[in-house]
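What you see is a predicted model, and the numbers here were worked out from it, not measured in a lab. Note that ligands are numbered from 1 as they come in the structure, with each ligand's atoms numbered from 1 the same way.
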Amino acid sequence: MTINPNPTASHFVNGTYIDDTDGQPIEVIYPSTEACIATINAATSEVIERALVSAAAAQAEWAQWSGTERGRVLRRAAEIMRERNHELSVLETFDTGKPYQETSVADATSGADALEYFGGIAATLTGEHIQLADGNWAYTRREPLGVCAGIGAWNYPTQIACWKAAPALACGNSMIFKPSQTTPLCALKVAEILCEAGLPRGVFNVIQGHGDVGEALILDPRVDKVSLTGSVPTGSKVYAAAAASLKHVTMELGGKSPLIIFGDADIENAVSGAIMGNFYSSGQVCSNGTRVFVERKIKDIFLKRLQERLTSVVVGDPQDPLTNYGPLVSGQQLAIVQDFVRKGIDEGARLVAGGSRCQREGFFMQPTVFADVTDDMTIAREEIFGPVMSVLDFETEEEVLERANRTEFGLAAGVFTRDLARAHRIIAQIEAGTCFINSYNDAPVEVPFGGMKLSGVGRENARAAIEHYSQLKSVFVRMGDLPSPF
Ligand code: NAD
C-alpha cells in the first residue's frame with residue numbers, strides 16, 4: 001500500500017478537517033530527499049478562534065463523562081493506533097526523516113502506550129475523604145483544568161501529541177495542539193484516530209503554525225494550561241507569557257546530559273548506552289547523554305569499540321527497514337550541527353569519527369565523535385541536538401560528579417558501573433530529573449519523565465502527569481452548629 005503523506009487539510013477542529021488558505025503556506029520537506037511532500041496553511045485568527053470556541057464548549061461536556069467512559073475512548077484509540085502502526089510509522093518517517101526501523105517501534109507504539117495507560121487510570125482519579133474534629137469532615141474533588149494548549153517540538157510528533165493529550169483528556173480537559181511547523185503531519189492522524197474512537201467533537205483539536213500561533217493560544221484567557229516541548233529559549237518565552245495570567249505550565253525543554261562510564265563497566269553495554277544516547281534519531285533526542293565522561297583507564301578501549309561499532313551504521317532511504325540511521329530533520333538543523341562541529345575542531349577537540357555531511361541527497365550528517373573534550377568547550381556546554389558525542393576523561397567519582405552537575409540543564413543522566421552501591425550514590429547526587437543505571441534513554445509510560453533546572457517544569461507520563469492536568473478542590477463539611485463570636 002502506498003501511503004500519501006499529504007493531509008486531508010491543514011487543521012483538525014471540532015471533529016473535522018478544515019482549511020483556511022489565507023493562512024501563511026508552510027511547506028513540509030521530506031528530510032531524506034529535500035522534496036516538498038505537502039503544503040499546509042498556518043492557522044489564521046479565524047481558525048484559532050474556531051478551535052478555542054470548540055475546545056471550550058466540548059470540555060464542559062467531556063468533563064461530565066465518567067472516568068470509565070473517558071478511559072474507554074482513550075483505550076480504543078490506542079488499539080486503532082496499534083492496528084495502523086505501519087501507516088503511522090511511514091508517516092512519522094516522512095514527517096521527521098527518522099528511519100522506519102525506529103518509527104515502527106518507538107513512535108505510534110509509544111503514543112498508544114500513553115493512551116492505554118491514561119485510559120486505564122482515568123476511572124481511578126478520585127479525591128479523598130478527610131476526617132476532622134467534632135465529627136466534621138472534608139473531601140477533595142479532583143477537577144480538570146479546562147482548555148489545555150499543547151505545543152510540540154519536531155523530533156517526536158506523534159509521541160509528543162499523545163503524551164500531552166492522553167493525561168489531559170483522561171482528567172476531563174480538552175486540548176488544542178499546535179505541532180512544530182517542521183513536522184505538522186502526524187498530530188492530525190492522532191486527532192482523526194481519537195475521533196474515530198468516539199471522542200466528542202472539539203475535545204482534541206490540531207491547528208498549525210509557527211510560534212505566533214502558539215503565542216496566541218497562550219495569551220487567550222480561555223486557555224487554562226500550557227504544555228510545551230521545545231528549547232529552553234522558547235520555554236522562557238512561553239513561561240513568561242503564561243505567567244501574565246498565571247496559567248498552569250508543563251515545560252519539557254532541552255538538555256546537555258552527562259553519561260558517566262566507570263572503569264568497571266561492561267564495555268559493550270556502555271558503548272551501546274553511548275550510541276543510544278547520542279545517535280538514535282540521529283541525535284535529535286532531548287534526553288541524550290551528550291557529555292560522555294569515561295574513566296581515563298578505559299578511554300582507549302572505549303573509543304576503539306565505539307569506532308568499531310560505528311561501522312555498522314546503515315545510512316540510506318529511511319523508509320527501507322534495513323536503514324538504521326536517517327537524516328536530520330531540516331537543512332536548518334544540519335547547518336546548526338555543522339557549525340557546532342566546526343567549533344569543536346576550532347576549540348581543540350580531537351575528531352575521532354564522522355564530522356561531515358554525508359555525500360548524498362538529504363540532510364544526512366555522519367555520526368560524529370570528539371575525544372579529549374574539556375568542560376569549557378562549546379560542544380560540551382551547549383545543546384547541539386544532533387549526532388555529536390563529546391567524550392571527556394575523568395579520574396575520580398567526586399570529580400566526575402561535580403563536573404556532571406556543572407551545567408544549567410538537568411534533564412537526564414546515566415551511569416554505567418558494576419558497583420551498584422556507587423551507581424545509586426551518584427544518581428542520588430545528580431541534578432537531573434530522568435536517570436538511568438546501566439541503560440540509557442528508556443521512556444516507558446509508567447515512569448515520570450521530565451527535567452530539573454533549565455530543562456523543565458512538571459512531569460509527563462505516569463501518575464505524576466495527573467498532578468499537572470488536574471486541580472484539587474477542598475470542601476469542608478460541618479456536621480453540627482457553627483460557633484460564632486456574635
Ligand atoms: P522550539 O523551541 O524551536 O519550538 C518548539 C515549539 O514551540 C514549536 O512548535 C514552535 O512553533 C513553538 N514556539 C516557538 N516560539 C513560540 C512562542 N513564542 N510561543 C509559543 N510557541 C512557540 O524547539 P524545536 O526546535 O521544535 O525542538 C527542539 C528542542 O526541543 C530541543 O531543545 C529539545 O531538547 C527540546 N525537546 C525537549 C523534549 C523534552 O521532553 N524535554 C523533547 C523533545 C524536544
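Of all protein heavy atoms, the one closest to atom 33 (C) of ligand 1 is F385 CE1, 3.2 Å. Among all protein heavy atoms, the one lying closest to atom 40 (O) of ligand 1 is E252 CB, 3.2 Å. The protein heavy-atom contact nearest to atom 5 (C) of ligand 1 is T229 O, 3.6 Å. Here the heavy atom of the protein found nearest to atom 31 (C) of ligand 1 is E383 OE1, 3.4 Å. Of the protein's non-hydrogen atoms, the one nearest atom 18 (N) of ligand 1 is K237 CD, 4.0 Å. Nearest to atom 17 (C) of ligand 1 among the protein's heavy atoms is G211 O, 3.7 Å. The single protein non-hydrogen atom nearest to atom 27 (O) of ligand 1 is A153 CB, 3.3 Å, given as residue, atom name and distance. Protein heavy atom in closest approach to atom 41 (N) of ligand 1: L253 O, 2.8 Å.
Ligand-side atoms of ligand 1 in range of H210: 11 (O), range being under 4.0 angstrom from any heavy atom. When each atom of ligand 1 is checked for a heavy atom of F449 under 4.0 Å away, the hits are 40 (O). Near S180, with a cut-off below 4.0 Å to any heavy atom, the atoms of ligand 1 are 9 (O). For ligand 1, the atoms closer than 4.0 angstrom to any heavy atom of E215 are 19 (N), 20 (C). Every atom of ligand 1 is numbered from 1 in the order shown, and the set under 4.0 Å from a heavy atom of N155 is 43 (C), 44 (C).
Here Y156 has no heavy atoms under 4.0 Å from ligand 1, in either its backbone or its side chain. Neither the backbone nor the side chain of Q284 comes within contact range of ligand 1; no heavy atom lies under 4.0 Å. Here P179 has backbone heavy atoms under 4.0 Å from ligand 1, and that is the only part of it that gets that close. If you look at L411 next to ligand 1, the close heavy atoms, those under 4.0 Å, all belong to the side chain. Residue contacts with ligand 1, taken as heavy atom pairs separated by less than 4.0 Å, involve L228 solely via side-chain atoms from C-beta onward. Heavy atoms of I151 found under 4.0 angstrom from ligand 1 belong exclusively to the side chain. Residue I218 touches ligand 1 through its side chain alone, judged by heavy-atom distances below 4.0 Å.
Nearest heavy-atom pair across T96 and W154 is CG2-O, 3.6 Å. Scanning all heavy atoms of the two residues, the minimum distance from P167 to A465 falls at CB-CB, 4.0 Å. Across all their heavy atoms, Q208 and P179 have their closest contact at OE1-CG, 3.5 Å. Closest approach of Y156 to S281, counting heavy atoms only: OH-OG, 2.7 Å. When all heavy atoms are compared, the tightest approach of I26 to G209 is CD1-CA, 4.0 Å. The shortest heavy-atom contact between V445 and Y117 is CG1-CB, 3.7 Å.
Taking only nitrogen or oxygen atoms, main chain and side chain alike, G255 does not reach within less than 3.5 Å of ligand 1. For ligand 1, one of its N or O atoms has an N or O atom of W154 under 3.5 Å away. At a 3.5 angstrom cut-off on N or O pairs, T234 counts as close to ligand 1. Here's the thing with E460: none of its N/O atoms is less than 3.5 angstrom from an N/O atom of ligand 1. For the pair G152 and ligand 1, the shortest N or O to N or O distance falls below 3.5 Å. Checked against a 3.5 angstrom limit, the closest N/O atoms of S231 and ligand 1 fall inside it. In terms of polar-atom proximity, Q181 is counted as a contact of ligand 1, with an N or O under 3.5 Å from an N or O of the ligand.
Not a single heavy atom of G451 sits closer than 4.0 Å to an atom of ligand 1.
Scanning G230, A241, G214, G254 for the heavy atom closest to atom 35 (C) of ligand 1 points to G230. Distances from atom 37 (C) of ligand 1 to the heavy atoms of C286, A412, A149 put C286 nearest.
For the pair V294/L392, no side-chain contact is recorded, criterion being any heavy-atom separation below 4.5 Å from C-beta on. Counting heavy atoms from C-beta on, the side chains of R357 and F363 come closer than 4.5 Å. Residues N269 and F416 are in side-chain contact: their nearest non-hydrogen atoms beyond the backbone lie under 4.5 Å apart.
Partners of F94 according to the ring pair (Phe, Tyr, Trp, His ring centres under 6.0 Å) rule, which considers only residues two or more places apart in sequence or in another chain, are Y30.
The aromatic ring centres of Y100 and H86 sit less than 6.0 Å apart. Under the 6.0 Å cut-off for aromatic ring centres, W163 and F449 qualify, their centroids lying closer than that.
Note that K164 lies outside the cation-pi zone of F177, set by a 6.0 Å cut-off to the ring centre and a 45° limit from the axis. Seen from the ring of F293, R291 does not count as a face-on cation partner, given the 6.0 Å and 45° thresholds.
Heavy atoms from other residues, nucleotides or ligands lying under 6.0 Å from OH of Y239 number 12 at most. The number of heavy-atom neighbours closer than 6.0 Å to CD of E34, taken from other residues, nucleotides and ligands shown, is above 12. Atom CZ of R50 is surrounded by 12 or fewer heavy atoms from other residues, nucleotides or ligands within 6.0 Å.
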